[in-house]
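The next block holds one structure in the form of structure tokens; read it before the comments.
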There are 2 protein chains.
Amino acid sequence: MNIIKVAFVEDNSSLRKRFEEQFEFFEDIKLVATYASGEGALSGLRKLPPSQIPDIVLMDIELPGMSGIETTIAAKELFPEAEIMMFTVFEDEVKIFHAIQAGAAGYLLKDDPIEKVVDAIRELHAGGAPMSQSIARTVLSFLREKSVGNSKVSIPAPAPVEFDLSERELELLQGLVHGETYQTLAKKLFISPHTVKTHIKNIYKKLHVHSRALAVRVALDRGLV
Amino acid sequence: MNIIKVAFVEDNSSLRKRFEEQFEFFEDIKLVATYASGEGALSGLRKLPPSQIPDIVLMDIELPGMSGIETTIAAKELFPEAEIMMFTVFEDEVKIFHAIQAGAAGYLLKDDPIEKVVDAIRELHAGGAPMSQSIARTVLSFLREKSVGNSKVSIPAPAPVEFDLSERELELLQGLVHGETYQTLAKKLFISPHTVKTHIKNIYKKLHVHSRALAVRVALDRGLV
DNA sequence: CCTTCAATACCCCAAAGGCGGTATTTCCGG
DNA sequence: CCGGAAATACCGCCTTTGGGGTATTGAAGG
């Protein structure tokens with residue numbers, strides 16, 4: 001069996017160490033190099049002997065300085081045969097999109113267990129495109145937009161969803177965006193805090209969120225305010 | 001002393017009543033008409049005898065149907081001499097801007113006490129441009145942008161403020177925008193919830209906010225994420 | 001006339017958040 | 001080498017949220 005050579009670009013040193021140790025347990029995978037920055041990775045990869053050039057590069061997407069996406073673009077130019085697997089904390093639609101355009105073929109979350117990481121490496125090396133379920137859904141939605149619109153994909157597009165909030169609920173939602181609490185909202189709108197709560201509960205239901213933070217995010221993203 | 005004739009456009013009936021009663025106590029002010037909608041106000045105002053045409057129109061900015069701003073534009077065409085004072089629950093920069101462009105000369109908040117409202121009416125009638133302190137600041141910042149940029153004012157402009165968040169703090173802020181809690185954030189970033197708390201406290205300080213909701217708002221508005 | 005729905009109000013309760021501290025380690029710039 | 005900024009961690013305190021209910025009223029629509 002061919003050993004899969006892996007490089008790891010990650011600024012978090014403890015995570016780097018954790019992975020260096022954990023990869024020891026998998027005989028078919030060898031961590032040939034780790035780098036703490038995009039810049040370091042690019043210069044380091046150039047100096048590697050051909051026998052050590054990695055098959056797979058695990059790339060942290062959130063790197064200080066040169067971002068993981070920028071590094072991916074550069075790395076792909078240097079080693080077009082290497083497969084890049086993005087490695088990130090959050091499922092950011094825009095970043096996923098950019099990472100895919102930059103040439104990344106896989107997408108892992110940092111809290112995926114090591115077994116999942118290893119499986120993803122193997123799958124990627126075997127020509128697959130491993131990614132977490134929700135990321136897969138996101139990618140599908142990109143394709144859907146592409147085929148439906150029949151136009152250029154250009155940007156992720158904000159999605160024209162309708163939430164059907166009542167006038168009053170919109171007013172309440174505005175309050176949330178403005179940082180109001182139950183109490184202050186109640187005073188401003190001349191209603192009881194209980195009512196404010198009820199409205200906000202209903203808003204959450206309609207927006208499919210469970211916190212103010214997400215409600216504010218959705219409101220701003222979708223231009224509800 | 002000349003009596004100031006005031007019309008009030010406000011969809012909230014209890015607020016309308018409250019004002020109708022409270023204006024009774026001020027001899028120099030007469031509430032000549034109240035309307036529950038922009039449409040109603042426009043048709044109602046047209047039918048008023050010349051002696052009853054208001055000097056001041058208090059206009060709720062958040063009206064169902066025709067908005068307060070649209071109504072303001074139309075009312076200004078009908079009665080260019082009338083002064084419009086916007087009346088709103090929130091200090092929305094964009095709406096303030098539009099209201100000013102629509103011809104409004106004053107800006108009140110709904111939770112201002114009646115005395116403040118009356119003072120504002122008098123000041124407006126005397127040729128002033130009363131507005132709350134924070135609104136005044138916003139207006140000034142518009143002017144500042146206009147004079148500094150020396151270009152067309154066009155849109156409020158997102159303001160190029162620098163918050164000087166550290167890399168880590170940005171990461172945490174992203175978490176907030178994604179609706180993470182202390183706990184989930186701690187797990188994803190491999191740190192203690194206490195640390196998450198500390199970081200978030202520092203972020204709040206740097207963004208000058210005191211809640212997740214506002215932090216998310218600032219993050220999205222200023223493109224920090 | 002009856003149903004539905006928005007808006008209003010209230011209860012309980014567990015979880016999360018915000019604020020005030022203190023403290024250690026690491027790293028960077030002067 | 002020292003000072004300061006970041007990042008890390010912990011403690012306690014009190015308030016706010018979010019989720020589960022229930023219920024009344026008035027307006028809109030069938």
Taking the six-membered ring of B:Y204 (Phe, Tyr or Trp), confirm whether the NZ or CZ of B:R212 is under 6.0 Å from its centre and within 45° of its axis. no

Has A:R16 got its NZ or CZ under 6.0 Å from the middle of the six-membered ring of A:F23, at an angle within 45 degrees of the ring axis? no

So, does A:S211 get its side chain near the phosphate of C:dA16, meaning an N or O under 4.0 Å from OP1 or OP2? no

Nearest whole Å is fine: how far is [N] [atom2] from [X] [atom1]?
{"X": "A:Y182", "N": "C:dG18", "atom1": "OH", "atom2": "P", "answer": "13 Å"}
{"X": "B:R168", "N": "C:dT26", "atom1": "CZ", "atom2": "P", "answer": "16 Å"}
{"X": "A:F190", "N": "C:dA7", "atom1": "CZ", "atom2": "P", "answer": "17 Å"}
{"X": "B:H210", "N": "C:dC19", "atom1": "NE2", "atom2": "C1'", "answer": "11 Å"}
{"X": "B:N202", "N": "C:dC19", "atom1": "CG", "atom2": "P", "answer": "12 Å"}

Under 3.5 Å, is there a donor on one side chain and an acceptor on the other for B:E20 and B:T34? yes

Considering only heavy atoms of chain B and a distance under 4.0 Å, specify the first and last nucleotide of DNA chain D in 5' to 3' order that meet this criterion. D:dA6 to D:dG12

Please check: side-chain N/O of A:E70 versus main-chain N/O of A:S67, any donor-acceptor pairing under 3.5 Å? yes

Exceeds 12 heavy-atom contacts within 6.0 angstrom, atom NZ of A:K76: yes

Should the heavy atoms of other residues, nucleotides or ligands under 6.0 Å from NZ of A:K206 be counted, would the total exceed 12? yes

Members of residues 194-201 of chain B that approach DNA chain C, where some heavy atom sits under 4.0 Å away: B:K197, B:K201

To the nearest 0.5 Å, how far apart are CD1 in B:I53 and NZ in B:K5? 7.5 Å

Per A:S192 side chain, nearest of listed nucleotides C:dA6, C:dA9, C:dG17: C:dA9

May I ask you to check whether B:F8 and B:F87 place their ring centres under 6.0 Å from each other? yes

